[in-house]
Amino acid sequence: VQLQASGGGLVQPGGSLRLSCAASGFAFRTSDMFWYREAPGKRRELVATITPDQPATYADSVKGRFTAFRDNALNTIYLQMNSLKPGDTAVYFCNRKEGIIDFWGQGTQVTVSS
């Protein structure tokens, strides 16, 4: 399993970013996929869940601002982040689970600051 996240950067409050996570080494089309984030001094938290055939679900803190989706032709998931706030500053990770095993991408830093 390989997960390669990209798209992070520095953005001003109110701005937007789109994260990508390219996946390989498993049956992507039938897999649930996840976005997590870890802010300094805080526990890693689930941001969005993307299933093969249901609408994505979100943490309350990002509902209405973030949209997670997948492109099965490219084996890639995305996280469109709008109306970013300083509190969204974190390292963002894509994730896949096999039973009790978690597979993580390397993370991409998102910094929201003026």
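Fair warning: this is a prediction, and the values are worked out from it, not measured in the lab.
- Salt bridge E38/R43: absent, no basic N to carboxylate O contact under 4.0 Å.
- Seen from the ring of F103, K97 does not count as a face-on cation partner, given the 6.0 Å and 45° thresholds.
- Connection of F28 to I101 is established within a shared hydrophobic cluster, with ILVMFWY side chains joined at heavy-atom distances below 4.5 Å, either directly or through further cluster members.
- In terms of the ring-ring contact (aromatic ring centres under 6.0 Å, His included) criterion, residue partners of F69 (sequence neighbours excluded) are, by chain and number, Y78.
- Using a cut-off of 4.0 Å between Lys/Arg side-chain N and Asp/Glu carboxylate O, D60 and K63 are scored as salt-bridged.
- F93 carries R44 over the face of its six-membered ring, with the cationic atom under 6.0 Å from the centre and within 45° of the normal.
- If you check the side chains of D71 and T76, you find no donor sitting under 3.5 Å from an acceptor.
- Summarising the local packing, CD of Q106 is surrounded by more than 12 heavy atoms from other residues, nucleotides or ligands at distances under 6.0 Å.
- Between V47 and Y58, the closest side-chain pair of non-hydrogen atoms is not below 4.5 Å.
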For W35 and F66: C-alpha separation, side-chain torsions, deciding distance, then whether ring pair (Phe, Tyr, Trp, His ring centres under 6.0 Å) applies. CA-CA 11 Å; W35 283 105; F66 289 13; 10.0 Å; no
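- To the nearest 0.5 angstrom, I50 atom CD1 is 4.0 Å from I77 atom CD1.
- For residues 80-111, every residue pair satisfying the disulfide (SG to SG under 2.5 Å) rule, not counting sequence neighbours, is listed here: C21-C94.
- No salt bridge links D32 with R96; every basic N to acidic carboxylate O contact stays at or beyond 4.0 Å.
- With T89 contributing its side chain and V112 its backbone, the two residues share a donor-acceptor pair below 3.5 Å.
- Side-chain contact between R37 and D88 is present, with heavy atoms from C-beta onward closer than 4.5 Å.
- Side chain to side chain, Q4 and S6 fail the donor-acceptor criterion of an N or O pair below 3.5 Å.
- Residues in residues 45-89 take part in no disulfide (SG to SG under 2.5 Å) pair, two or more places apart or across chains.
- Note: the hydrophobic cluster containing I100 also contains L3 (ILVMFWY, side chain heavy atoms under 4.5 Å, direct or indirect links).
- M33 and L46 fall into different hydrophobic clusters, where Ile, Leu, Val, Met, Phe, Trp and Tyr residues are linked whenever their side-chain heavy atoms come under 4.5 Å apart, directly or through other members.
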